[in-house]
There are 2 protein chains.
Amino acid sequence: MHCELRTMTDSVKAGPPGIGQTTLADVAALAGVSTSAVSRTFTPGASVAKKTRALVLDAAKNLGYRPNAIARTLSTRKSRIIGVVVSYLHNQFYPTVIERLSQLLQAHGYHVLLFINSDTSSSDEEMDALLPDILQYQVDGIVLASTMMSSKLATHCRSVGIPVVLFNRVAPVKEASTVTSDNYEGGRLAAQILLERGARRIGFISGLEDSSTTQDRERGFLDELTRHHKRLFARISGEYDFTLARAATCEIFHRSKRPDALFVANDHMAFAVIDALRIDCGLDVPKDVQVVGFDNVPQAAWGGYQLTTIEQDSEQMARATVAILLKHIESGIAVPQRVVTPVRAIMRATTLSI
Amino acid sequence: MHCELRTMTDSVKAGPPGIGQTTLADVAALAGVSTSAVSRTFTPGASVAKKTRALVLDAAKNLGYRPNAIARTLSTRKSRIIGVVVSYLHNQFYPTVIERLSQLLQAHGYHVLLFINSDTSSSDEEMDALLPDILQYQVDGIVLASTMMSSKLATHCRSVGIPVVLFNRVAPVKEASTVTSDNYEGGRLAAQILLERGARRIGFISGLEDSSTTQDRERGFLDELTRHHKRLFARISGEYDFTLARAATCEIFHRSKRPDALFVANDHMAFAVIDALRIDCGLDVPKDVQVVGFDNVPQAAWGGYQLTTIEQDSEQMARATVAILLKHIESGIAVPQRVVTPVRAIMRATTLSI
DNA sequence: ATGAAAGCGCTAACAT
DNA sequence: ATGTTAGCGCTTTCAT
């Protein structure tokens, strides 16, 4: 007998009151088949007779049936949810990435659960507090695009068997995959650009000192300077923050001997640096001071700045991230990968033309 | 007897292999109590003896137990997930809002499932296709911050009994709550600013024609002009798009008689408009043309633009949204609310000083 | 191809 | 205060 425990009363009136979603059982009852038949109908590669399928589909439509992803998750242990952790969204690079990530994931039937980890000076404890939160949702994978993060985090995730991709940062953890651009090469390019244009007193505005991005960019930058027998003239940290970068710039330029060129660890700070130069110091960019940024966020192309910068290919980085994630999830095997996407110089108006 | 069906083998080795999360039952077994005792221990307002609680907590820690939010959701019918739908993240207003929304929600134990609905000319069909996706996850509430949306959508959500907040847009649906700023008043303010500064030939660059924001802003703007016996000199649509706005501006300024002031429906387009004016048309802002934007996104304060604009208080809007959502969710009652937050003029350098 | 039944991990009466 | 026992909605053997 198809005597369901659950009455169909609330499902039948699929209208306004709406409480009590219609379930598989409701559909099965209406179609006069078993719940498994209904389940199979909604499972891509299952064997269902055409007739049964039609019956089910019809009943489902009449009832306005919507599969419950939560119940499915409990059963299959696949949530089709990817946790994405970011620190803040002020720097347009991240919104851009999130947008692409979300689109690509959506196209594969996955969705993004967003975690913002923006407490200032977010340290290991911070991050560790977020972990239980994100793990509770049984996410199928995690993208860590947070500026800082606990090394424990990645380790722990892996121990739970969840694929993790470190986005735009590497960590002293061998267990997680990473996707970064070629920050070292980008730093070298920045140096070359400035050197070629006759810069003599070259400064560097760093990002967060602990971040791998700022470290790699600086290494590449310094190595290239050294190769040309040049030394860094000034260095100060902007901590990837707009306000701090502006203040830092003012500080440097209030000294007696000033830089005539600046490599700024990311575009977001570069805008602040240019503002400081032009407004606070009354200097001309690029005549008095040349500036090179990093990222090529949309605003770098805006008329108000026209920033020469090193482009990170966010599109390619997002694709790589999704590819790694899906491969790990679908194959079950988790060989940590390290993808490094190429960078390229985008010449605009904050550097002199040759 | 505490004879669990499930062996504890995989839970005990809580290390690397990590498959087979430890469950409530595992903890109960180790602690020598029932599963309900464990459940209660992890439920804020439950009655558990101190001793039992300690026992459970201890066992849980030893096993590295993490509650499974999915299972809890299935049982309680509360996912503590809020679906947030946005069209795109190019306009910094949205990242700013998402960040705040996410933080506030996180503080209340809720999380954001992000949906990007960025297919160009996203119409009703678009939006309707997203709905099943989002509903499947049994979200407790929905924030619709998408530029366009099907009126069916809001209606449907309500029919399912899910609280919906229309963010920064109103719709011809009475069932959903809305949170907007006072767009009409903002439009009036913009007109006043321009009028006070002697603008004679005033133009308007609109956003998406179907959006309530652009409509309300324009109405307020026009009403105020009328009140001063002034007429609109030019009008063209920028569809809230950077590139289109730039092109639209060029088009207007290639005509023989040019505007001497422009109200642009949002900041994002205003930046493009200023670029067009300065770069493509060789005009001075504000001397030749004054410009007023809308939103007060972070970049409006940047030195490269220093845009005079009408501020939408994203913080307050986010707070209102979360308040409405939580109230509906927690009380179960769903009286649609309409919150309108005040706007204010931010005077900067794209308008003349008086 | 289909159905019966046993879970997935947790919560919530209900009983004690 | 604690344990027992039904589910929550779906998937998945295992029979048939």
Side-chain angles (χ1 to χ4, degrees), chain A residues 1-8 10-11 19-29 31-56 60 63 65-80 135-138 140, chain B residues 1-8 10-11 19-29 31-56 60 63 65-80 135-138 140:
Chain A
M1 290 174 59
H2 293 300
C3 174
E4 299 299 328
L5 294 169
R6 195 160 178 292
T7 72
M8 278 183 53
D10 42 28
S11 331
I19 311 287
Q21 288 271 33
T22 77
T23 76
L24 257 191
D26 295 328
V27 178
V33 298
S34 74
T35 59
S36 3
V38 180
S39 174
R40 286 193 264 260
T41 302
F42 289 99
T43 307
S47 57
V48 197
K50 247 190 184 141
K51 201 180 118 196
T52 315
R53 171 183 211 76
L55 230 48
V56 170
L63 261 31
Y65 170 69
R66 298 186 183 298
N68 180 329
I70 296 297
R72 191 209 306 276
T73 296
L74 190 57
S75 191
T76 61
R77 302 154 153 293
K78 257 94 189 56
S79 63
R80 300 195 81 87
L135 253 22
Q136 283 198 343
Y137 285 100
Q138 315 299 110
D140 288 344
Chain B
M1 292 176 54
H2 292 301
C3 172
E4 298 299 328
L5 294 168
R6 193 157 180 294
T7 72
M8 280 183 50
D10 41 30
S11 330
I19 311 286
Q21 290 270 36
T22 77
T23 77
L24 256 192
D26 296 328
V27 177
V33 298
S34 74
T35 59
S36 6
V38 181
S39 175
R40 284 192 265 261
T41 303
F42 288 99
T43 306
S47 57
V48 198
K50 246 188 185 147
K51 200 180 118 195
T52 315
R53 172 182 210 76
L55 230 50
V56 170
L63 261 32
Y65 170 69
R66 298 187 183 298
N68 181 329
I70 296 297
R72 190 208 308 273
T73 296
L74 189 57
S75 189
T76 61
R77 302 155 152 290
K78 256 94 189 56
S79 63
R80 301 195 80 88
L135 254 23
Q136 282 198 344
Y137 285 100
Q138 314 300 111
D140 289 344

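Proteins get letters first, then strands, A, B, ... in listed order; numbering begins at 1 in each. The basis for the numbers below is simple: all heavy atoms, side chains too, and nothing from hydrogens, waters or symmetry mates. What you see is a predicted model; the values in this text were computed from it and never measured.
- Contact between the side-chain N/O atoms of Thr52(A) and the OP1/OP2 oxygens of dA1(C) is not found at any separation under 4.0 Å.
- Judged by distance alone, the side chain of Thr35(B) and the main-chain N or O of Leu24(B) form no donor-acceptor pair under 3.5 Å.
- Rounded to a whole Å, the NZ atom of Lys51(A) is 12 Å from the C1' atom of dT2(C).
- Rounded to an integer number of Å, the gap from Lys50(A) NZ to dA1(C) P is 12 Å.
- Comparing Leu74(B) and Ala49(B) by the nucleotide of DNA chain D whose heavy atom lies nearest to each, the residue mapping closer to the 5' end is Ala49(B).
- Atom-to-atom, CZ of Arg53(B) to P of dT2(D) comes out at 11 Å; the value is rounded to the nearest Å.
- One interatomic measurement links the two molecules: CD1 of Ile70(B) to P of dC8(D), which rounds to 18 Å at whole-angstrom precision.
- Close to dA1(C), at under 4.0 Å from its OP1 or OP2, lies a side-chain N or O of Ser47(A).
- Nearest nucleotide to the side chain of Arg77(A), out of dG3(C), dG9(C), dG9(D): dG9(C).
- If you take OG1 on Thr23(A) and OH on Tyr65(A), they are separated by 7.0 Å, rounding to the nearest 0.5 Å.
- A straight line from CD of Gln136(A) to P of dC8(C) spans 20 Å, rounded to a whole angstrom.
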### Task
Heavy atoms under 4.0 Å is the rule here; annotate nucleotides 10-16 of chain C 5' to 3' with B where the base is hit, S where only the sugar-phosphate is, and - elsewhere.
BBB----

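- Proximity of Gln138(A) to Gln21(B): side-chain heavy atoms (C-beta onward) are separated by under 4.5 Å at one or more points.
- Following rounding to the nearest Å, Lys78(A) (NZ) and dT12(D) (P) show an atom-to-atom distance of 11 Å.
- The two residues Ala46(B) and Arg40(B) have their closest heavy-atom pair at CB-O, 3.5 Å.
- Considering all non-hydrogen atoms of both residues, Asp26(B) and Thr22(B) come closest at OD2-CA, 3.3 Å.
- Remark: side-chain polar atoms of Thr73(B) are paired, donor with acceptor, to backbone N or O of Ala69(B) under 3.5 angstrom.
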